[in-house]
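Accompanying notes for the structure given below.
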Amino acid sequence: MKKEKAPKVKVKTSLAQKKENRSGWMFISPYLIFFTVFTGIPFIMAVAMAFGNVTYITKLDDLQFVGLKNFITVFTDKEILASLGRTFVYSLVYVPLIMVLGFVLAFILNKGVFCKNGIRSLIFMPYVSNMVAIAIVFKVLLGNGSPVIQGLQSLGFDPPLLLQDLHLALPTVAAIAVWKGIGLNMVVYLGALQDVPGELVEAAQIDGAGKWQRIRHVIIPTISPTTFFLLISSITGSFQNFTIIQALTEGGPGQATTVMSINIVRTAFTKYQTSVASAMALVMFAIVMLVTLFQWRGQKKWVNY
């Protein structure tokens, strides 16, 4: 005998629940509207243009579907591949520095130092400062004829012009970006460290674990969810490096700091190759997505919830 299925009972939504739902939609609707207008629609347009022949002077009657031609251009053009390589170099400098230094600063402040709140504010202040203003300050400090350079030269040193050196410009820009953004990592790590159960650390200390062993085997595993969050956000942020590089070096000297974001803007608004620039942007999107998915799958092996 087959069991008869119980009839589905429709649950009526109360007036209070409907009112709460409407309030919720009203609160999130501004974000949804702005996201759709400034992110969703441009993304769909970029996908469409990446498979077409759109340029600055292309007319609607001349639009054509070119398939993967623009993506082939991206992966065969030496200049584009070089800018992609510089983007990875920038990330390899930026991500480890901001992760490690953020943790170290948070660990020191969590232990209790003199004027802790003041030091925390000083470290966090660059994060909320204007990027262009910061770039102007560093251009003055590190540029030719700066007081720092003149002071070192008066002492008999011959310091390099960091923002004008072909080999040092990109790491210098990455280090300045770390200085600006490290405040967020420090604050987030500090909150995570304050939530580490004290009994776990005391138990490890009673068992004879040294200071480094307590950090490695107790503290770091406990705050691994925070590390995972900051790692994803730091990797994503390292690819969004247009503003600081444009303000500091404009992609120079030569092509030393011309990363993918700079190259995309130049391709779209200087060379007027809109479809190629759209294909480059989608390649960057795919790389960020793959890195994020890889980290998301790998978190099961090292993140402890």
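L68 has its side chain within reach of F71: a pair of non-hydrogen atoms, C-beta onward, lies under 4.5 Å apart. When side chains are defined from C-beta on, T222 does not count as touching D195, because their heavy atoms never get closer than 4.5 Å. When side chains are defined from C-beta on, W25 counts as touching L32, because their heavy atoms get closer than 4.5 Å. The closest side-chain heavy-atom distance from P197 to L200 is below 4.5 Å. In this structure, F103 and L193 have side chains that are in contact, with non-hydrogen atoms separated by less than 4.5 Å.
Under a hydrophobic-cluster definition in which Ile, Leu, Val, Met, Phe, Trp and Tyr are linked whenever side-chain heavy atoms come within less than 4.5 Å, directly or via other members, V187 and I108 are assigned to the same cluster. I44 and M280 fall into different hydrophobic clusters, where Ile, Leu, Val, Met, Phe, Trp and Tyr side chains are chained together by heavy-atom contacts under 4.5 Å. If you chain together hydrophobic residues whose side chains sit under 4.5 Å apart, Y94 and V100 fall into the same group. Both F88 and M99 belong to a common hydrophobic cluster when Ile, Leu, Val, Met, Phe, Trp and Tyr are linked at side-chain heavy-atom distances under 4.5 angstrom. In the hydrophobic clustering of this structure, L290 does not group with F43; members are Ile, Leu, Val, Met, Phe, Trp, Tyr whose side-chain heavy atoms approach within less than 4.5 Å, directly or through other members.
Using a distance-only test at 3.5 Å, with no hydrogens or angles considered, no donor-acceptor pair links the side chain of S278 to the main chain of A50. At least one donor-acceptor pair closer than 3.5 Å links the side chain of S83 to the backbone N or O of I80. Although no hydrogens or angles enter the test, the distance criterion places no donor-acceptor pair under 3.5 Å between the side chain of Q205 and the main chain of E202.
Defined by atom type and a distance below 3.5 Å, a donor-acceptor pair is missing between the side-chain atoms of T258 and N263. When only modelled atom types and interatomic distance are considered, T257 and T249 share a side-chain donor-acceptor pair under 3.5 Å. Using modelled atom types, one finds a donor on one side chain and an acceptor on the other under 3.5 Å when comparing R120 with N117.
Considering CD1 of I98 and CG of L231, their distance stands at 11.5 Å, rounded to 0.5 Å. Rounded to the nearest 0.5 angstrom, L105 CG and I182 CD1 are separated by 5.0 Å. Note: I220 CD1 to R214 CZ = 13.0 Å, rounded to the nearest 0.5 Å. With rounding to the nearest 0.5 angstrom, the CG atom of L63 is 9.0 Å from the OG1 atom of T55. Rounded to the nearest 0.5 Å, atoms CG (L92) and OG1 (T87) are 11.0 Å apart. Separation of atoms NE2 (H217) and CD1 (I215) is listed at 11.0 Å; rounding is to 0.5 Å.
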The test is side chain to side chain donor-acceptor pair (under 3.5 Å); show your working for N53 and S275 and say whether it passes. CA-CA 6 Å; N53 64 334; S275 287; 5.9 Å; no
Kindly determine whether L170 and Y90 satisfy side-chain contact (heavy atoms from CB on, under 4.5 Å), including the steps that lead there. CA-CA 7 Å; L170 188 61; Y90 179 95; 4.0 Å; yes
Run M284 and L84 through side-chain contact (heavy atoms from CB on, under 4.5 Å) and show every step you take. CA-CA 9 Å; M284 288 295 294; L84 183 60; 4.0 Å; yes
Using the rule given for side-chain contact (heavy atoms from CB on, under 4.5 Å), can you reason through R86 versus M260, listing the C-alpha separation, both sets of side-chain angles and the distance that settles it, and then say yes or no? CA-CA 8 Å; R86 295 186 200 101; M260 200 67 163; over 6 Å; no
Starting from the C-alpha separation in whole Å, work towards a yes-or-no answer on side-chain contact (heavy atoms from CB on, under 4.5 Å) for L15 and K19. CA-CA 6 Å; L15 292 176; K19 185 177 179 180; over 6 Å; no
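M125 and S129 get closest at one heavy-atom pair: O-OG, 2.8 Å. Scanning all heavy atoms of the two residues, the minimum distance from V37 to P42 falls at O-CD, 3.2 Å. Shown here for P225 and P221, the closest heavy-atom pair between the two residues is CD-O, 4.4 Å. N70 and G52 get closest at one heavy-atom pair: ND2-O, 2.8 Å. Taking all atoms of both residues into account, the shortest heavy-atom contact from E250 to Q246 is CG-O, 3.2 Å. In terms of heavy-atom proximity, L163 sits nearest to F138 at CD1-O, 4.1 Å.
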Give the table of side-chain donor-acceptor pairs shorter than 3.5 Å for residues 233-240, with sequence neighbours excluded, one pair per line with atom names and distance.
unit_1	atom_1	unit_2	atom_2	d
S233	OG	F229	O	3.2
S233	OG	L230	O	3.0
S234	OG	L230	O	2.7
T236	OG1	I232	O	2.9
S238	OG	S91	OG	2.9
S238	OG	I235	O	2.6

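Residues in residues 290-302 take part in these side chain to side chain donor-acceptor pair (under 3.5 Å) pairs, two or more places apart or across chains: Q299-Y305. Counting only residues at least two apart or on different chains, no side chain to side chain donor-acceptor pair (under 3.5 Å) pair has a member in residues 145-174.
Note: F124 and Y127 have tilted aromatic rings, judged against thresholds of 30 and 60 degrees for the angle between ring planes.
For F157, the CZ atom sits in a loose shell: 12 or fewer heavy atoms of surrounding residues, nucleotides or ligands are nearer than 6.0 Å.
For Y189 and F107, the distance between ring centers is not under 6.0 angstrom.
Legend: residues meeting salt bridge (charged side-chain N to carboxylate O under 4.0 Å, His left out) with E79, ordered by chain and number and at least two apart, are K271. Not counting sequence neighbours, the partners of Y31 by the ring-ring contact (aromatic ring centres under 6.0 Å, His included) test are F35. F75 meets the ring-ring contact (aromatic ring centres under 6.0 Å, His included) test with no other residue; sequence neighbours excluded.
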